[in-house]
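Nothing here was measured: the structure is a model prediction, and the numbers come from that model.
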There are 2 protein chains.
Amino acid sequence: MASNHKIFVVEDDNDISRLLRHHLEVAGYRVRAFSTTNQVLSEAQKDRPSLFLLDIMVPGGDGLELCRQIRQGGNNIAGVPIIFLTAKTDETDRIVGLEMGADDYVTKPFSPRELVARVKAVLRRSERPLPPAVINLGDLEIDSSSMILTVSGEPKMTTATEFRLLYHLASHAGKVFTRDQLLDAVWRDTSFVTPRSVDVYVRKLREKIERDPENPRYLKTVRGAGYRFEAPK
Amino acid sequence: MASNHKIFVVEDDNDISRLLRHHLEVAGYRVRAFSTTNQVLSEAQKDRPSLFLLDIMVPGGDGLELCRQIRQGGNNIAGVPIIFLTAKTDETDRIVGLEMGADDYVTKPFSPRELVARVKAVLRRSERPLPPAVINLGDLEIDSSSMILTVSGEPKMTTATEFRLLYHLASHAGKVFTRDQLLDAVWRDTSFVTPRSVDVYVRKLREKIERDPENPRYLKTVRGAGYRFEAPK
DNA sequence: AGCTTCTTTCACACTCCCTTAACATTTCTC
DNA sequence: GAGAAATGTTAAGGGAGTGTGAAAGAAGCT
């Protein structure tokens, strides 16, 4: 249920802001709330949010202006999706806002479910499509679109987490990952997971892909650092 | 990002027209806007657009009429896809599907995300050869033109949603879809629908297509990910 | 209106996966 | 070679994800 997405909420009304935060957090997102536009831009450049949720009528230079600044090239956040919060009646605001480059809007009063659904939809669309669907290495075939692992022609059952881990390692073959990096990349919610969990999964994968799990050809341990997937020559 | 597609927009409200143009252009399409239907047809025959975006309520002979004229044989644009813009309250399903031969519709007020997504989807569909109207897999026959499902020669009744879901899964056999992806592809407005609704439909489909619904051969669960339709060998 | 049919949600049962903790083993350091 | 640190391995409980029936909610039909 949890995801790694961080959302910047810019809303001056404290009640609404708390409400937004609450619903978004329940939905598994991390939230940072701002009551004015002042520091949003500079913080965003440091903190790299996945999405902005802007009230169109916040004080301190309004939301539209902030939207334009975000969209402006030159910073590293120009591509981050934006959702506007608008009053139901104010059609012109909405239109202007959308023209400014927002990705969607939610009208107040909003239903929590719709809010979350729109956030989810925008984030889903902004995710870049996965790199090559099928990875072939040695006698392995890792097909991410069907989530099927084949070893020497034999299909092997894997759990979702096993598969994601394998896919991540194999699609960056040669690169060493620390346990923490793997947790960040592969696990949905890293907050309460021991890095040692990775070890357990590495073992499970070795049992499935290695001839001799004790002497792995693919999934190598890099002592003191982490793990590396090694492509056979 | 750029594509060679040219879109004819027919819309009398100037604000909305500008908005449409803006978002379509940002998405990489070329746009020609018309505020009445008068010259659309003649211009289209010269200029060959890839898609029409018609407000259903434009003055000068309404959008439906224009749609009919476009679809009429004898010109060279009969096959160009059409998307309608409609007010939310309208009864759109019938208009789109049966009578007029439109390809999709977008309700006002629309979100840019949705607009562009639908335009993209329709263009994508029109570019590649149509997916086969009849899918034959194992003892299943899924005929999308007549919306008839046959299992081992036995015709089975399905609802529209059941059929669309089955068709989507079967026409991408092997690929895993998350519940959210299925909602996007099969349902119209996902904002108010729980992903779990998909489960219910999967179950209904299993009851109709599987010998043993508890051990499905076709419609497999991929735990932690979603569902996959598996073609038998 | 009343009826039917489809859609969506809810609640509960159940299964399987995930995480952890504990112990075993290997590798490094002095 | 002894101790420390890192990794390998195993099994169990608790929890998340899914299956399922029923009932409320929409939408169309007569």
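Side-chain N or O atoms of B:Glu210 include one that pairs as donor or acceptor with a backbone N or O of B:Tyr218 at under 3.5 Å.
Toward the 5′ end of DNA chain C lies the nearest nucleotide of A:Arg113, the other residue of the pair A:Thr159 and A:Arg113 mapping further downstream. In this structure, A:Thr158 and A:Val200 both approach DNA chain C, and ranking their closest nucleotides by distance from the 5' end singles out A:Thr158.
The number of heavy-atom neighbours closer than 6.0 Å to CD of A:Glu154, taken from other residues, nucleotides and ligands shown, is 12 or below.
When the nucleotides D:dT18, C:dT19, D:dT20 are ranked by their closest atom to the side chain of A:Trp187, C:dT19 comes out on top. Looking at the side chain of B:Ser197, the nearest of the listed nucleotides C:dT8, C:dT27, C:dC18 is C:dT8. Each of C:dT20, D:dG8, C:dT8 was ranked by its minimum atom distance to the side chain of A:Thr221; first place goes to D:dG8. Here the side chain of A:Thr161 is nearest to one of D:dT9, D:dT20, C:dC18, namely C:dC18. Distances were taken from every side-chain heavy atom of A:Arg223 (C-beta onward) to each of C:dT19, C:dT15, D:dT7; the shortest belongs to D:dT7. Among D:dT7, C:dC18, D:dG21, the nucleotide with an atom closest to any side-chain atom of A:Lys204 is C:dC18. Of the listed nucleotides (D:dT18, D:dT10, D:dG21), D:dT18 has the atom at the smallest distance from the side chain of B:Tyr227.
Cation-pi geometry between B:Lys175 and B:Phe177 is satisfied (NZ or CZ under 6.0 Å from the ring centre, within 45° of the ring normal).
Taking atom CZ of B:Arg196 as the reference point, atom C1' of C:dC10 lies 10 Å away to the nearest angstrom. Rounded to whole angstrom, the span from the NZ atom of B:Lys220 across to the P atom of C:dT15 amounts to 18 Å. A straight line from CG of A:Leu165 to P of C:dC18 spans 11 Å, rounded to a whole angstrom. C:dC16 atom C1' lies 12 Å from atom CE of A:Met157, rounded to whole Å. The distance from atom CG of B:Asn215 to atom P of D:dT18 is 17 Å, rounded to the nearest whole Å. Atom-to-atom, CZ of A:Arg179 to C1' of D:dA6 comes out at 8 Å; the value is rounded to the nearest Å. B:Lys208 places its NZ atom 10 Å from the C1' atom of C:dC6, with the value rounded to the nearest Å. Per the geometry, OH belonging to B:Tyr201 stands 16 Å off P belonging to D:dG21, to the nearest Å.
Between A:Thr194 and C:dT20 there is a side-chain N or O to OP1 or OP2 distance below 4.0 Å. A close approach under 4.0 Å does occur between a side-chain nitrogen or oxygen of A:Arg203 and OP1 or OP2 of D:dT9.
Nucleic acid contact for B:Val222: sugar-phosphate only, since backbone atoms but no base atoms lie under 4.0 Å from a heavy atom of the residue. Residue-level contact check: A:Glu214 touches the backbone only, with heavy atoms under 4.0 Å from sugar-phosphate atoms and none from bases.
With respect to the salt-bridge test (charged N to carboxylate O, under 4.0 angstrom), the residues B:Asp103 and B:Arg71 qualify.
A distance of 10.0 Å separates OG in B:Ser171 from CZ in B:Phe229, rounded to the nearest 0.5 Å.
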